[in-house]
> 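Before I ask anything, let me first share the structure, which is written out below as structure tokens.
As the structure lists them, so they are numbered: ligands from 1, and atoms in each ligand from 1. Remember, it's a predicted structure, so these values are computed and weren't measured experimentally. Each residue takes its place number in the sequence, starting with 1.
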Amino acid sequence: MSPLNEVASKESVAAVTLPKHVNFFDTTLRDGEQTPGIALDVERKVAIAQELDQLGVDIIEAGFPIVSKGEIEAVKAIANCGLQAEICGFARAIQKDIDAVLSCDVDSVLTFIATSEWHVKYKLKMTQETVLDKIVTCIEYAKDHGLLVELCAEDATGTSLDFLKTFYKTGVDAGADRIMLPDTTGRCNPRVINAYIHALKKVILVPLSIHAHNDFGLATANSLAAVEAGAETVQVCINGMGERAGNASLEQVAACLLGFHNISCNIKPHLIAEVSRKIERLMKFHLPLNAPIVGKNAFLHESGIHVHGVLAHKACYEPMDPGFFGRKRQFVLGKHAGRHAVQSILTELGLHVTAEQEEHIFRRIKEYGDQGKKVTDSNVWDIVKDVLHLPSEDFLTLKTLTAFTGNKITPTSSVVLSVRGEERIHTASGVGPVDAAMKAIEKGGLLEGIKLEEYHVDAITGGTSSAVDVQVKLRDEINDTEASATSVDNDIVMASIRALLTGINKLIALQRFQGKSKKMV
Ligand code: MN
């Protein structure tokens, strides 16, 4: 009988007595860094830890010190940068791993050894007795050296319940302060997780954390099931990062605990979107558009019926308030768009139009969508400009762009711009040719008050001659307006600069139309 069936058949599902508070243990810097293709340097690991601390994470697992010198340096830097959170290091149940953790000045160690039959017999080539001896020695050593100890049975959900109970009891008797139940391969469903925790809670008195993986898409559900059965702590990764299909996502678990169960936690929900976006960039791991809470589409409405409904009453199509998570409701225009979305977007742009102009804009957007094209806000802007006869002459035009780069020179760029018909030349250096060109434009004071909020490059076809699609989002902090722009070119520097200039021109045209008085150079 597989251990899963054994647990589910022996243990009844515990009655739900919800805790008042749940702790968040974040493993983005350990399990999250084990996401295929991800590796972080010291600076980025520290920056991520600072973000997680700001967000309100209780325990930050900073890394696995034994793996490299750089990892020791990073974990040590995190432990010594004055964060509020408890800082934890990961270690096998081996003395040299614990020594590496000790060298990092952390508060605690999460130590593990595998316990399932196939791991013990085939991977470790040990007996269960040896496994128990190893954890006792390791826990006593870590405790003697002043560490708080959390004990993990790797592949716990592939382990017989009897041995699992013996394992954790032995560990707690040896001094373990907390235990962690990992669903290492994400094989469990919520009912089985609930049964495991229920069984363990009867015999283990120290706090317990759940570490769920998303192989079947159940990591969030399994984390909630564990909380319902008495787990005090959830182990999560921001943006659901982690090995294979990832770990339970911090944002989803926090949203469920706060939204469904009214269970408190120290996570500050209004910071979730911002921290998620910053860590997405630091990790260079792009979230799918439809990721719950933090994906670009999570609060985006296109269909006319939905837009009308959500404007009539937000509960019609919004199960939670976007603002609670630091997000904004957005409408996108396409062939499913309705009049309400068009009106709402025009209002947001501060544009007052006649009924006839609105009808015209609406029709043009539908035609655009019918051609199978994605209607970006750049397209909408072009349509609006055309219909309203807004001034089409651009404030800024690019006359000449040169950029030099190479392994022996500092990347440098010169731009010749026409600013309201007057020619200006600016030169600057940067970390690469795009940066140098951007800085050259900045040098002329043309970006004063304007912040480049997003810069994103997509190679359209692959290969070195591929056209690249550059998307930028600019924010005019003086007049509180935003503009997105895109540009496609075979040359990445040209595409970047064109997108930037289009965005600046758009902001200026908007200000003129809205009668705002930003002083422009
Ligand atoms: Mn894991």
> Do the rings of F325 and F299 sit parallel, tilted or perpendicular, given the 30° and 60° boundaries?
parallel
> Take atom CG of D144 as the centre, draw a 6.0 Å sphere, and report whether it contains more than 12 heavy atoms from other residues, nucleotides or ligands.
yes
> Is R178 salt-bridged to E86, going by a charged N under 4.0 Å from an acidic O?
yes
> Should R92 and E154 count as an ion pair when the cut-off is N to O under 4.0 Å?
no
> Under 2.8 Å from the Mn ion (ligand 1), how many protein N/O/S atoms can be counted?
3
> In terms of relative ring orientation, are F90 and F64 parallel, tilted or perpendicular, with 30° and 60° separating the classes?
perpendicular
> Check this for me, if you would: do K96 and D99 make a salt bridge, where the nitrogen-to-carboxylate-oxygen distance has to be below 4.0 angstrom?
no
